[in-house]
Amino acid sequence: MAAPRFPSRRAFLGSAALAGLSGLFRPAVAAELRKHQKRAILIWMAGGPSQFETWDPKPGQWTAGPHATIPTAIPGVRFDEYMPRLAGLADKMVVVRTVTSKSQEHEQATVTGMSGTPPAGGHPAPSWLSVCAHELVDDGHWPAFAALGQPALAEYRMPGGGFLGPRYDPLLCPGNGNPPEGFPTSGADGKMVRRREALRDRLGSDFRFGHDADRLAGHDAAFGQIGALLDRGRMFDLSRLPIRRAEPYGNTPFGRDCLLACQMVEQGVPFVLISTPWLEWDLHTDLKSNQSKVTAKFDTAVGALVNDLIARGLWEHTLVVLMGEFGRSPNYSGGRDHWSKCWSMSFGGAGTRGGVVVGATSDKGTEIKERPVTVPDLLVTFYQALGVDPRKEVDVQGRPTPFVDRGAGAPIKEAL
Amino acid sequence: MNRKMRLLPVTALAFLAGPAAADPRVSQLIDDEINARLRAENVTPASRADDATLLRRIYLDLLGRPPSATEAQNFLDDVADDKVHRLIERLRLYPETAAHWRRVIASWLQVADVPKRERGLDRNELLDYLAGAIAENKGWDVVARELLDPDSAVPGQRKAAAYLSHFLRGDDKKAGREAAAIAVGSAFFGVQLQCARCHNHPTVPAWTKAHFDGLRAFFDQTEVTWTDSADTLRDKSPEKNAIKPMLLDGTRFEPGNGPRAKLARHALTARATHFKRAVVNRVWNQFLGRGLIEPVDMIHDGNPGSHPQLLALLADDFAANRFNFDRLIASIMHSEAYLRSARWTGPPDRRPAPELFAVAQLRPLSGPQVAWSVVMATRYDREIVARSRELALPQPARGLSLEARYLWESTGDYVKLADTFRAGGSPTTARNAAYLTFDPFMKKLLDPSWGLVKELTGETDDEAAGMLAYLAILNRRPNLDESEAVRAHMKTARDRQEACQDLTWALIASAEFRFNH
């Protein structure tokens, strides 16, 4: 079943819209999008969160760390003590306690976690959010995918459009709730953009003669899409929002990114990646002093985001995924090392079931007791929840290329 | 039709005494083969592109950057008939070619041409190795052997190990070996084996899972170790029941005893058809915007391509001349097929199919080419050269120094710009447009306090300002209509500075700038 696409929008140039940058994105259109469009927010817990200090604590075992645990909205299920909001929302989300993967290196595991495939040259696999942008959003609409957070993430070969092309790369926002670097915010900037665009169009006329029109069409259309983005530029202005809406997210850069993500999925950027500060969860030695702060900040912002999505009627259409590249080792010695054998993640929204705990680890959390889940399993599940056919193959230079490796991945049925 | 015109350049070439100068017979061979098919299809090709277009094309193709306004002016003022051919010969000898071509070859090798992690590192080993190999004009067979089986004891090969380690250093060993096999298959043999990873290839019966496994097996024993602050490759003993390494032609080897050396010895030879055709096809694609076989890494019996005989002849000639890269490049560049216009002046519905090479293709600039084009257009190159002087780096008599180029290419500004414009899919993405419209570095380049915008603002004559802007940014003079449009814009503008910024931006954001045409 195909999910509805964003309605097609005319290119900015050549339409009546050239006369003014405002008013293109009408509230009526927004209401239409709100009803049908599937969206997703992936919150990347960069560095690899400890399952023992989040969703799969093992109190009383030798593997337990320094934290206590608290009950959740699911009877008998306990989370880390610094996750009160997510504990309260547990009946609305799925927790997977038995993800298993192969790489324990940040870069390789990040690429695999976001794309389902280890890093490769040539035509690398796209981020699953790029796939969604490709499948669920009309070509004329841009951006369909944005990445918020530390620019350092980009240096670690974060997957983007991959074999789908740079067109499906995310629009990068530098973090702390900020718009893309240099994004024009004043009316004068908008006027300047319009003036320059008119001159560009005028001076480009001679080159059009005799040159391959198909190639040139894409060039002009790309500039047209900037007009459409400027038109929606108000979504970046968090200062306009009432305090009572912003405050629950917490006064942190990550919290502001979560608020911006909520704005974006509501106002026309349906797929958003938020990265927590680079390697923030990578606590090899200083877990005791830092983990509580990292987790509490995360819980505050993500809890607020989920509540905000619910309040705005978006939860049923928005998949929220919380995960990092791997988990952390059972051996606690002031910190924990990388661990890919069994780790935890969570997701919810977009019609997935609430209150489900998938899989179980052994009493000490050293291994999987039942129901291992792979990254391709997760991707297939996300795709199904969003109405993307996970078995679809696209043509990449004459080669039929699947979104998920053939034969890999099965949906987590108990979550759908 | 071109026979008479051709006499001049060929004669001119006879006077050139550079090392490994082009062989006019090979250029002739190219034109004979291409023209034979055009005659058979009754197609009249586009005429030769104008001087300004060829100037920019040749600079971009050899040096990866456009000419400066001065370089453009000098060339356009030159009245010699053979100036295009002389330009090719002159630029081929610029050390700058290594700066550009190392990235071209890196992209063939399926390693990002602008590694994101380059930023912050002083050097990137693989790019360093390739630059050295290009500067020495090492044969392609030597380059391939050194990349696949480097001898780390030899200083010139030490950094070549960075190629395979790029794939193999991760801790998911199986994934790494598969990635290496896929990249090596595509880069050196022109085959896409990724589909055969799990099962036989769906569209090419000749490529089976056994081929993929066999190619991968050459890397099954490879270990990456960190020795003397560099990645080094070592072969460990084969495991029991290890898969036997196998060449694409079905030749099998016993595991053990340097499988990569066996791959190099048997598959990188003048007789190995795939090896020589794959690279010739890539080079052709680089200059003509389309391979003789498409896709460039789908070379197999069922896909003979547009000019099978030309590819075979070029490949044999290339191999017979010790895989001399420089000679191959020059031979292609001196052909009329390369020098044709990208404009089709006939009826649009009669535009010849691209595989006829009757009209030049619009080729989107690569990310690195865009980065350097923006730099040259705004005169930021002068800032870079000034900085390189401060650092007492060598200053060449002509062109930019390699050191100056590397100086800027190691900055975050460069990496971000080049990565934003990386190739693939649609030539211009909205992200490209967004970059040009509001990225802070772009704003800095348009700042009126220095560079081109300052020069334009200081020019009181509107026509002269238009001329300056066109020469600096598009490397040509404006036509009458364009001069008039520039004048009109200047006149209506409230603020001259603003008008000059607008003009600079509008030309940089033009399709003409985005493409090598």
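Within every chain, numbering begins at 1; the chains are lettered A, B, ... in the order of the sequence lines, protein sequences first and strands thereafter.
- Note that CG of A:D220 is 10.0 Å distant from OG of B:S510, once rounded to the nearest 0.5 Å.
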Does the pair A:Y168 and B:R431 meet the rule for a side-chain contact (heavy atoms from CB on, under 4.5 Å), with working shown? CA-CA 9 Å; A:Y168 298 97; B:R431 263 186 80 209; over 6 Å; no
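- A:E105 touches chain B through backbone and side chain together, each having a heavy atom under 4.5 Å away.
- Put simply, OG1 on B:T428 and CZ on A:F223 are 7.0 Å apart, with the number rounded to the nearest 0.5 Å.
- Looking at A:P143, neither its backbone nor its side chain comes within 4.5 Å of chain B, counting heavy atoms on both sides.
- One distance of note links CD of B:Q361 with NE2 of A:H211; it measures 11.0 Å at 0.5 Å rounding.
- Two residues are said to be in side-chain contact when any heavy atoms from C-beta on lie closer than 4.5 Å; B:T504 and A:R196 fail this criterion.
- For A:R202, the part sitting under 4.5 Å from any heavy atom of chain B is the side chain, from C-beta outward, and nothing else.
- Residues B:W505 and A:L199 fail the side-chain proximity criterion, which asks for heavy atoms closer than 4.5 Å.
- A 4.5 Å side-chain heavy-atom check between A:R215 and B:H517 finds every atom pair outside the cut-off.
- The closest side-chain heavy-atom distance from B:T429 to A:D169 is not below 4.5 Å.
- Looking at heavy atoms from C-beta onward, B:E498 lies in side-chain contact with A:R195 at the 4.5 angstrom threshold.
- Of the possible polar contacts, one joining the B:R351 side chain to the A:G210 backbone as a donor-acceptor pair under 3.5 Å is found.
- In this structure the side chain of A:D212 never reaches within 4.5 angstrom of the side chain of B:V359, judged on heavy atoms.
- B:L436 places none of its side-chain heavy atoms less than 4.5 Å from the side chain of A:I226.
- Counting only distance, with no hydrogens or angles, the side chain of B:R343 and the backbone of A:F209 share a donor-acceptor pair below 3.5 Å.
- For the pair B:D171 (side chain) and A:Q104 (backbone), a donor-acceptor distance under 3.5 Å is present.
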